[in-house]
Amino acid sequence: MSTSGNEVIGEILAGASSEVVDQLADLLQGKSILTYVDSSVIYPQIKDNPSSIYSFLLVCGYLKITGSDKAFGLGNLCQVALPNREIEFVYQSEILNQYAGMIPQSAAIAIQEALFTGDAERLRDRLEKLLETSVSFYDTAKESFYHGLMLGLLATLDNRYQVLSNRESGSGRYDLCLLPKQGELPGILIELKAIKNGTKDELKKLASDAVLQIQQRQYDVQLQEAGVKKVLHFGVAFSGKHVEIVSEWA
């Protein structure tokens, strides 16, 4: 993969909508998505028609067609997926790069320490400080944005944890899971919620509901099957730059 190719993906993702980011997350989990494909699309058209992003990525070799339905005009409604692990790595790194510039290393380390110890209060304080010093569009951010932000914060844990996102476990699909690579470390499950203009009490309830969701849907199953003995559950609720967190040891 060439550097210029990586830059193309990075530029496309920088302007992507939350829906596109969610779809790209599905692609990173090995899924295919259904989209309209027009093989005649060129790069400048993406700015005028964001839905053409997949057509452009397909033409450039960043996606492959895994199936198609019926023809529509000059294009087709097709199932597309990532072609190989190399492309998957480029997508993953470029998505995380969107958030890396807004996460100081000291903040990332402090947040990770709070996660390891189950310190919900410290984690809340650190996340709010990070949000307070960042740009104003947090005020209207959706859950998918906060998901990407948390994924970026956890990206440096690769030597100690396998960071998993949007995977099936138990009777549902968790948001984030930290699967320890060393036996003495705890497993960590994180469920995220986001609302607009939420009060402190509303956020606290959302965070509690998130922990309950982890328990009721048995998201621990994947960690238990991997032999993890200690597991931390975190419910994290966002509203603009405000955060409330509930944590429990399983």
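With rounding to the nearest 0.5 Å, the separation of CG in L63 from CD1 in I33 is 7.0 Å. Taken to the nearest 0.5 Å, the OG1 atom of T35 stands 10.5 Å off from the CD1 atom of I65. Going from atom CG of L34 over to atom CG of L77 covers 4.0 Å, rounded to the nearest 0.5 Å. Between R173 atom CZ and R217 atom CZ the span is 11.5 Å, to the nearest 0.5 Å. With rounding to the nearest 0.5 Å, the separation of OG in S32 from CD in Q79 is 4.0 Å.
Residue L232 comes nearest to F116 through the heavy atom pair CD1-O, 3.8 Å, listed as atom of the first residue, atom of the second, then distance. The shortest non-hydrogen separation linking L176 to M150 is CD1-CB, 3.6 Å. Residue P186 comes nearest to V228 through the heavy atom pair C-CG1, 4.5 Å, listed as atom of the first residue, atom of the second, then distance. When all heavy atoms of S239 and K196 are compared, the pair lying nearest together is OG-C, 3.7 Å. The two residues Q222 and S169 come nearest to each other via the heavy atoms N-OG, 3.1 Å. Nearest approach of F238 to L192, heavy atoms of both residues: CE1-CD2, 4.1 Å.
The side-chain heavy atoms of D220 and H233, taken from C-beta on, include a pair separated by under 4.5 Å. Contact check for K193 versus Q213: side-chain heavy atoms found under the 4.5 Å cut-off. In this structure, the side chains of L179 and L223 come closer than 4.5 Å at one or more pairs of heavy atoms. At a threshold of 4.5 Å between non-hydrogen side-chain atoms, the residues K200 and H242 do not count as touching. Under the 4.5 Å side-chain criterion, counting only non-hydrogen atoms from C-beta, V246 is not in contact with D209. Between E113 and R126 the shortest side-chain heavy-atom distance does not fall below 4.5 Å.
For the pair E202 and K205, the salt-bridge criterion is not met [side-chain N within less than 4.0 Å of a carboxylate O].
A donor-acceptor pair is defined here as one N or O able to donate and one able to accept, closer than 3.5 Å; such a pair exists between the side chain of E128 and the backbone of V243. Distance alone, capped at 3.5 Å, places no donor-acceptor pair between the Y161 side chain and the K181 backbone.
I190 pairs with exactly one of V236, D175, I214, I245 by the side chain to side chain contact (heavy atoms under 4.5 Å, CB included) rule, that one being V236.
In this pair, Y219 and Y174 present their aromatic rings perpendicular. The plane angle is above 60°, beyond the 30 to 60° band.
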